[in-house]
Each structure stands twice: as structure tokens, then as C-alpha cells.
Protein chains: 2
Amino acid sequence: MFPRRPDDMPECGPPACSVEDVIDRVGSKWSVSILLVASDGPVRFSGLERAIPGISRRMLTLTLRNLERDGLVVRTIFPTVPPRVEYSLTPMAVELQAALVALAGWARLHRGDIADARARYDERPG
Amino acid sequence: MFPRRPDDMPECGPPACSVEDVIDRVGSKWSVSILLVASDGPVRFSGLERAIPGISRRMLTLTLRNLERDGLVVRTIFPTVPPRVEYSLTPMAVELQAALVALAGWARLHRGDIADARARYDERPG
DNA sequence: CGGGATCCACCAGGATACTG
DNA sequence: CAGTATCCTGGTGGATCCCG
């Protein structure tokens with residue numbers, strides 16, 4: 001996730017750079033939340049703020065900028081009063097949803113397993 | 001990723017807590033690298049160190065402990081001299097690989113798109 | 001409404017040295 | 001070989017105030 005890969009470093013290298021690159025892009029604290037809220041259609045800034053409990057204005061702005069920079073969301077400004085800004089997913093981000101759904105499926109399947117593993121680990125003898 | 005969800009917070013909540021939980025677990029800087037190296041079979045500490053350029057002993061140990069705690073890797077100690085420790089993936093982690101492969105596929109497909117988006121964003125007028 | 005600017009705390013993570 | 005212990009820093013992310 002952040003920190004982002006410096007520009008003077010190679011784009012890719014073994015092992016398994018690809019997945020790590022994705023994690024670099026959607027691994028920040030709020031990225032996935034934003035992408036999933038926006039998957040229901042264009043969202044406004046305040047809508048995201050309401051839909052994602054706990055996010056600060058600053059982090060919402062920063063994360064949106066990063067997603068926009070990476071070409072995952074598009075920012076559309078309507079020059080009205082009061083100003084209105086909508087964020088929508090790019091086709092690329094829509095394709096990403098499938099992979100995220102796979103992750104979510106895995107998480108749902110193994111939620112109990114992980115909880116059990118942690119409980120056992122915490123009560124380890126020693 | 002880290003910081004991990006505090007124990008006094010609910011395990012899950014809208015929106016899309018599941019994916020975020022996964023990111024919390026495999027989103028740390030080296031987690032995915034370790035999982036992918038270990039997917040080829042049991043690996044030793046020094047093997048991981050060699051296979052993952054740039055990782056420090058400390059972070060290798062810490063990340064392995066977290067993966068073990070979450071039930072994603074198993075640590076097997078052989079009481080020989082010199083000591084020998086092997087790390088292998090649990091079935092749960094093997095299933096995760098499929099989801100990670102989906103992510104990698106998306107990354108491979110859109111590597112150029114993202115690079116282009118970033119280049120365009122950096123040379124934006126304004 | 002939709003941010004930007006600023007200050008600050010915390011902690012992930014690196015470097016190094018030491019141990020069984 | 002496979003770690004642990006300690007110190008340190010950079011940057012993520014929170015809180016707050018201000019602006020067009």
C-alpha cells in the first residue's frame with residue numbers, strides 16, 4: 001500500500017510483483033471501501049462520507065485522489081451552486097471488482113477458521 | 001493492513017467488511033511475497049530471506065508470526081543441529097492463492113493502463 | 001458542498017547487534 | 001541457522017481550521 005513505489009524503481013520484479021502492485025494500489029486503509037461503495041453507481045463526496053463510517057475528510061480526499069491518479073475512479077464536477085462532484089468507477093475498476101469478490105468469498109468461507117486460529121494462537125502454551 | 005483491527009471493535013460491519021479483513025491480513029508489505037514463495041512447498045527461514053530481496057530479518061519474522069497467528073502458515077521445528085524450521089501453507093492459505101491469482105491477472109491485464117493513467121495525471125494541465 | 005492546509009501522534013518497517 | 005532486542009525514522013492517517 002502506501003508508501004508507493006518510488007518512480008526510479010523498476011515496475012516489477014520477482015517474486016510475484018503483480019499481486020504486490022495491486023496491494024500497493026488498493027491496500028490503503030480506505031481504498032476498498034470507496035471502490036465498493038462506488039460500485040453501486042456514481043457517488044458524491046458526502047455520500048461516501050456517510051457510507052464509510054470513521055473515514056476523515058482528509059483521508060477520503062487523499063484516497064480518492066490516489067484512485068483517480070491510478071485511473072480507477074473518475075471525478076466529474078458539475079458547475080452548480082452548491083458545487084456537486086461525482087465519483088464513478090472506470091471500466092478497469094469494474095473488472096477489479098470480480099477479483100475483490102473472490103477475496104470476499106474466501107473471507108466469508110474462512111472467517112470462523114481465522115478467528116479460531118487466532119484464539120488458539122493467543123492461548124498457546126508458552 | 002497493519003494496524004490491525006483492535007480487539008474491541010466489531011469483527012465486521014458494512015460496507016464490505018470482508019474484503020477489508022483480507023486486506024488487513026495480507027496487505028502488509030511482505031505478506032503476499034511470503035505466501036507466494038511458500039506456495040511452492042515448505043520453505044525455510046533462510047530460503048525466504050533469499051527468495052525475497054530486500055526483506056529484513058525482523059520483518060520476515062514479524063510477518064511470519066502474523067501469518068501463523070491467522071492460521072495461514074504452519075511453523076514446523078526440526079530439533080536438529082543446526083536448528084531447522086520449515087514454513088508451509090495451510091489449506092486455507094492454498095485456497096487464498098486462487099483469489100490472489102485473480103488479482104495478479106487483473107494487474108497483468110491493466111499494468112499499462114495504470115501506468116498511462118498515472119502519466120496523464122502527472123502531466124495534467126493545472 | 002467539497003474540499004485544501006496545517007499540525008501532530010503513532011506505528012510499520014529498516015539497520016544493527018546479539019543469542020541459542 | 002533462526003531468530004530476538006533495541007533504536008530510529010518516515011509516512012500514514014487523525015483532528016482541526018479555513019476557503020470558494
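Small disclaimer: the values here were computed from a predicted structure and weren't measured. Just so we're on the same page: letters track the sequence lines, and every chain starts at 1.
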Heavy-atom contacts, protein to nucleotides 14-20 of chain C, under 4.0 Å, summarised as B (base), S (sugar-phosphate only) or - (none) per nt, yield BB----B

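- Non-hydrogen atoms lying under 4.0 Å from DNA chain D are contributed by B/Arg44, B/Phe45, B/Ser46, all within residues 38-48 of chain B.
- Here the shortest heavy-atom pairing between B/Gly71 and B/Met92 reads O-CE, 3.0 Å.
- Rounded to an integer number of Å, the gap from CD of A/Glu49 to P of C/dG2 is 9 Å.
- Rounded to the nearest 0.5 angstrom, B/Leu64 CG and B/Leu48 CG are separated by 6.0 Å.
- In this structure, A/Leu60 atom CG and C/dG4 atom C1' are separated by 13 Å, rounded to whole Å.
- The interatomic distance linking A/Ile34 (CD1) with C/dG2 (C1') rounds to 14 Å, in whole Å.
- Going from atom CD of A/Glu95 over to atom CG of A/Leu100 covers 12.0 Å, rounded to the nearest 0.5 Å.
- Atom CZ of B/Arg84 is separated from atom C1' of D/dG3 by 16 Å (rounded to the nearest Å).
- The shortest distance between side-chain heavy atoms of B/Phe78 and B/Val85 does not fall below 4.5 Å.
- Within 4.0 Å of B/Thr61, counting heavy atoms only, lies at least one base atom of the nucleic acid.
- If you chain together hydrophobic residues whose side chains sit under 4.5 Å apart, B/Leu96 and B/Val101 never meet in one group.
- Atom CG in A/Leu62 sits about 17 Å away from atom P in C/dG2, given to the nearest Å.
- Nucleic acid contact class of A/Phe78 (heavy atoms, under 4.0 Å, all strands): none.
- In this structure, the side chains of A/Leu35 and B/Val19 stay at 4.5 Å or more apart for every pair of heavy atoms.
- Listed pair A/Arg75 / C/dG2 fails the phosphate criterion, with no side-chain N or O lying under 4.0 Å from OP1 or OP2.
- Two residues are said to be in side-chain contact when any heavy atoms from C-beta on lie closer than 4.5 Å; B/Val94 and B/Thr90 fail this criterion.
- Judged by the 6.0 Å and 45° rule, A/Arg75 forms no cation-pi pair with A/Tyr87.
- Residues B/Leu89 and B/Leu72 form no side-chain contact, since every pair of their non-hydrogen atoms from C-beta on lies 4.5 Å or further apart.
- What separates CG of A/Leu67 from C1' of C/dG3 is a distance of 16 Å, to the nearest Å.
- What separates CZ of A/Arg65 from C1' of C/dG3 is a distance of 7 Å, to the nearest Å.
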